[in-house]
Amino acid sequence: MIYPIGDFRFPDAASRLYPQTAERPWVLEIGFGDGRFWPHSAATLDTPPNYLGVELSGVSLLKAHRRLKTAGLDNAILTKLPADVLLREVVPYGGLDRIVVNFPDPWPKAGHLEHRLLRVPFFQLAASRLKPGGALLLTTDHDEYFGFACQAARDSGAMSVELTEPPPAALETKYALKWRDLGLAAQHAHFTPTARPHVPHGDIHTYPEDPEHVPHAILTLPATFAPSNFDKQTAREGGWTVILLDLYASLRRDGWVVLAHVVEGELTQEVLIGITGREDGSHLVRLAKFGGPVITPGVKAAVGAVTDWLEESGGRVTHRGY
Ligand SMILES: C[S@@+](CC[C@H](N)C(=O)[O-])C[C@H]1O[C@@H](n2cnc3c(N)ncnc32)[C@H](O)[C@@H]1O
């Protein structure tokens, strides 16, 4: 099953995600590529654990989804998100039995090391989301990144490192085969949590059922209002950047829609914010449900940025609900 971000809870629970098999172990694979690892791994077990796979590439997501469906792996959820967003916001404290990373992108250039996944904050986050007795398994052909990751695990103060043979299924992935064909050997590390650092979940929520809880504002626009002064505009604060990209007029009713791009760390969302005429002559500014947005400080700020722009254009704000 493919889950967009809006289908998760923050944090979520194995009992909700896998209601038929909640008691089974729970495995997260990061950067599953075309999805070859999990069918190979699950085939070695009597009952396949619950599987959560996270990947940045949409093409890979679809390939892996087909592969897991063909293998009959029903208790598998795939999602297209940055791994650290999924791990921090969706996975509960102490939720996972295993985290698997096979052949992560090595980012070998000196100036690009901050793009690497396996750095100190990641190990602390992983340790906080693994069960006691859980483990993070890394397999890679890249010797320098391997050493870097092992050192980062030790520096995190939260993981011990054991070097062992890779699990056979990790040697059947697309990149394992690619590097093997080039004569490169894979290295494997088994990281075990030695502490449970407190890495809190962020301020992130599913789109509310109750319209009162959807970020919104009510205002009265001048009779002469025409949104001719709309320009692309950017607002930034602490953890978020909001860019109001464009404005579209509704042909069916009194109103407009603003397209906004919201960036918060690794998480980016494109959201629509409606500006709709109400019966009493006022206008409602509200985050649209379209596209399955999740509510974050940045998304609330986007609703605020639209409201502020309307206020600067002569509107009188009577209520802010964000
Ligand atoms: C070198 S490929 C390896 C794919 C697969 N594990 C294999 O062994 O064939 C690395 C994969 O990690 C994914 N990836 C990179 N950074 C990621 C992140 N922050 N979150 C999720 N996936 C990521 C990439 O899109 C890519 O598919």
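In each ligand, atom 1 is the first atom listed, and ligand 1 is the first ligand listed. If you're wondering where the values come from, they're calculated on a predicted model, not measured in any experiment. Hydrogens, waters and symmetry mates play no part in the numbers below; they use all other heavy atoms, side chains included.
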No-hydrogen, no-angle side-chain donor-acceptor test under 3.5 Å, His201 and Glu89: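 Glu89 and His201 do not have a side-chain donor-acceptor pair below 3.5 Å.
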Glu55 and Ser60 side chains, donor-acceptor separation under 3.5 Å: no
Donor-acceptor contact below 3.5 Å, side chain Asp12 vs main chain Arg9: yes
Arg119 side-chain N/O to Arg116 backbone N/O, donor-acceptor pair under 3.5 Å: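 Yes: the side chain of Arg119 pairs with the backbone of Arg116.
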Arg24 to Tyr18 six-membered ring, cation-pi geometry met (6.0 Å, 45°): no
Between the protein and ligand 1, are there any N or O atom pairs that come within less than 3.5 Å of each other, and if so, what are their names and distances?
from: ligand 1; atom 1: 6 (N); to: Gly31; atom 2: O; distance (Å): 2.8
from: ligand 1; atom 1: 6 (N); to: Asn102; atom 2: O; distance (Å): 2.9
from: ligand 1; atom 1: 8 (O); to: Thr173; atom 2: OG1; distance (Å): 2.8
from: ligand 1; atom 1: 9 (O); to: Lys174; atom 2: N; distance (Å): 3.4
from: ligand 1; atom 1: 9 (O); to: Tyr175; atom 2: N; distance (Å): 3.0
from: ligand 1; atom 1: 20 (N); to: Ala83; atom 2: N; distance (Å): 2.9
from: ligand 1; atom 1: 22 (N); to: Leu56; atom 2: N; distance (Å): 3.4
from: ligand 1; atom 1: 25 (O); to: Glu55; atom 2: OE2; distance (Å): 2.4
from: ligand 1; atom 1: 27 (O); to: Glu55; atom 2: OE1; distance (Å): 2.9
from: ligand 1; atom 1: 27 (O); to: Glu55; atom 2: OE2; distance (Å): 2.9

Pairwise side-chain contact, Leu78 with Tyr51, heavy-atom cut-off 4.5 Å (strictly under): yes
